[in-house]
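Convention: sequence-line order gives letters A, B, ...; per-chain numbering from 1.
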Amino acid sequence: MRYWLMKSEPEAFGIDDLARVGREPWDGIRNYQARNFMRDDMRPGDLALFYHSNADPTGVAGIMRIAGEARPDPTAFDPEAKYYDPKSRQDAPRWYLVDVEFERKLGRIITLAELRTRPELADMPLLRKGNRLSILPVEPQHWQAILDLE
DNA sequence: GCCAACGTTGGC
DNA sequence: GCCAACGTTGGC
């Protein structure tokens, strides 16, 4: 089983929203690296940190479970959708999503600022300068170290 | 709201 | 294939 970190702006969709709906298609990803992680490397049962970006505070807010194999992102086909991409066609989908399930909300937000103070997390891709990827793999030892902060 | 970082697009 | 222009992400 692998571990992941997935970012969302809580103003659009946060951990409380996921707690309410239980399960959600993680749509709107329009970055090839992030897509490849979902399509090629994620498996049902994998766990992911739910990370609040562009938030106050920004940081890890909860845990969710990958609930199924990747499938084409239908919002890419919809001209009315915010993330419509005319280059993604039904017979040749360009963008994919995975469904995620709520696992639990953390007792508190583990902030980005706090993660940055931990030497054992220093080599996490999340903390590398300029990294904007919205889906990232997390090493098991980093996963454990983050949850130990809770 | 600003801006650094960085990915994508498209002209050549 | 290069690279300038442009758009987006996301921290602050």
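Side-chain atoms of A:T58 come within 3.5 Å of backbone atoms of A:H52 as a donor-acceptor pair (strictly under, hydrogens ignored).
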Show which side-chain atoms of residues 134-144 of chain A pair as donor or acceptor with protein atoms under 3.5 Å away, not counting sequence neighbours.
{"residue": "A:H142", "atom": "NE2", "partner": "A:E120", "partner atom": "O", "Å": "3.4"}
{"residue": "A:H142", "atom": "NE2", "partner": "A:D123", "partner atom": "OD1", "Å": "3.0"}
{"residue": "A:Q144", "atom": "NE2", "partner": "A:D148", "partner atom": "OD1", "Å": "3.0"}

Under 4.0 Å protein heavy-atom contact, by nucleotide of nucleotides 5-10 of chain C - B base, S sugar-phosphate only: --BBBB

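Using a 3.5 Å distance cut-off with no hydrogens or angles, the side chains of A:W26 and A:D99 do not pair a donor with an acceptor. Of the N and O atoms on the side chains of A:S53 and A:R132, not one donor lies less than 3.5 Å from an acceptor on the other residue.
Judged by the 6.0 Å distance and 45° axis criteria, A:R35 is not positioned over the aromatic ring of A:Y96.
Between A:R94 and A:K129, the residue anchored closer to the 5' end of DNA chain B is A:K129, taking for each the nucleotide with the nearest heavy atom.
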